[in-house]
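Below: one structure, written as structure tokens.
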Amino acid sequence: MRKAILFVTFLFVSAFLLLGVAEMRPFGQPAVADMDDYFITNAQGEVAVNNVVTAVVFDYRGFDTLGEATVLFAAVVGILALFRKPKEDER
Amino acid sequence: MSNHGMSVIVRTVTRFVYGLIILFGFYVIMHGHLTPGGGFQGGAVVASAFALLLVAFGSAGLKGRLNLHWLQSIEEVGALAFLALAFLGIGTAFFYNLLANSGGFLFGASVPAGANAGVLNAGGTVPLMNWAVGLKVMTGIAAVAITMLIGSKKEETE
Amino acid sequence: MNIGNLPFIAAALLVAFGLYTFLFKRNLIKLVIGITLIEMGVNLFLVTLGYRTGGISPIYTYAPEAQQMVLPTPQALTLTSIVIGLATTALLLSFAVFVHRHYGTLDIRKVKELKG
């Protein structure tokens, strides 16, 4: 019974995914590209960097990178705290 | 997995290769503002060299070479350097690129428009942030790999 | 060469496979593999959204002249997403190691029975 419910759920979600693909706009034609055109045009003048992706990561969208660095830091600290050797009096 | 690592072939090839992998990782970090790559990718490459050492030699081969406390300290230094570089332009805005196009000695050169051969001494805070994030990612992933290997080994002996 | 909407179909199939793994498998390691598959599908979808037909990568070093470039913002955000996925996967796997150490099994049904 439980497996049947799970299977129906899986079929439902997969059908909606494929339906969304069928309604997708053609590949290779972005709908809105104004912001990215601004980045491509002005990255060399404003940031003085050849690699536009690096300019976006570290300059235009620095806040995202800050949050990502925080997530990585939290994960590393969590793993180190999990595997820490327990002291003798804590057992 | 034994405490002494893998066979002689794997250990010999590792001795030849791991320095080259670390060098390539530092190249990717250093040229992050000119070629594909950057801090995250180069840091991951260097961390893969550490993981290769760990797999080939076992945890006994790493004793005294890589200290977990040192790795964690370097990771925190990288994170704080990233924050400090972000605060450098707080007079205008957070994450404002103060050093770009300043004409100074520290990454201050300008870049000609259009396709060019690449100017290494340009980009302002972007290459410095690449180095900070690269240090952070390489030490973070190396610390995670070492900790998980030692932790899963303790389970087998108990 | 025209490949139509094939990348979108590939992304949807990756998400569907991940969902299947997540719903029908009992092993904790396989659950982590399912989560990673869903992540990869979403990453592929994001990169695919930013492609322009005939575009080159957005890097000016030795670039061919007068070619339009693909959108840089989806690529940057996908880079962020990949690193976050790596951190999450490492944390999930270490939780799996601890479950195996504490209960002696990775089957979630047995873990539920052994609770306490």
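Quick note on labels: first sequence line is chain A, next is B, and so on, each numbered from 1.
The residue among C:Leu77, C:Leu71, C:Val83, C:Thr53 with the most heavy atom pairs within less than 4.5 Å of chain A is C:Leu71. With chain C as partner, the option from A:Ile40, A:Asp36, A:Asn51, A:Thr54 having the largest number of non-hydrogen pairs under 4.5 angstrom is A:Asp36. For the options C:Thr88, C:Ile59, C:Val70, heavy-atom pairs under 4.5 Å to chain A are most numerous at C:Ile59.
Neither the backbone nor the side chain of C:Leu6 comes within contact range of chain A, judged by heavy atoms closer than 4.5 Å. For C:Phe98, the part lying near chain A is the side chain, with the backbone staying farther off; criterion is any non-hydrogen pair under 4.5 Å. Contact of A:Tyr60 with chain C is not made at all, since no heavy-atom distance falls under 4.5 Å. Contact annotation for C:Phe22: neither backbone nor side-chain heavy atoms come within less than 4.5 Å of a heavy atom of chain A. Heavy-atom distances place both the backbone and the side chain of A:Arg25 under 4.5 Å from chain C. Of the two parts of A:Phe10, the backbone and the side chain both hold a non-hydrogen atom closer than 4.5 Å to a non-hydrogen atom of chain C.
In summary, the side chains of C:Thr80 and A:Asp64 do not present any donor paired with an acceptor at a separation below 3.5 Å, with no hydrogens or angles considered. Defined by atom type and a distance below 3.5 Å, a donor-acceptor pair is present between the side-chain atoms of C:Thr61 and A:Asn50.
From C:Thr36, atom OG1 reaches atom CG of C:Leu86 across 10.0 Å, with rounding to the nearest 0.5 Å. The OG1 atom of C:Thr21 lies 11.5 Å from the CG atom of C:Asn27; values are rounded to the nearest 0.5 Å.
Side chain of A:Tyr38 to backbone of A:Ala33: no donor-acceptor contact under 3.5 angstrom is found.
Using a 4.0 Å cut-off between charged side-chain N and carboxylate O, A:Asp37 and C:Arg52 make a salt bridge.
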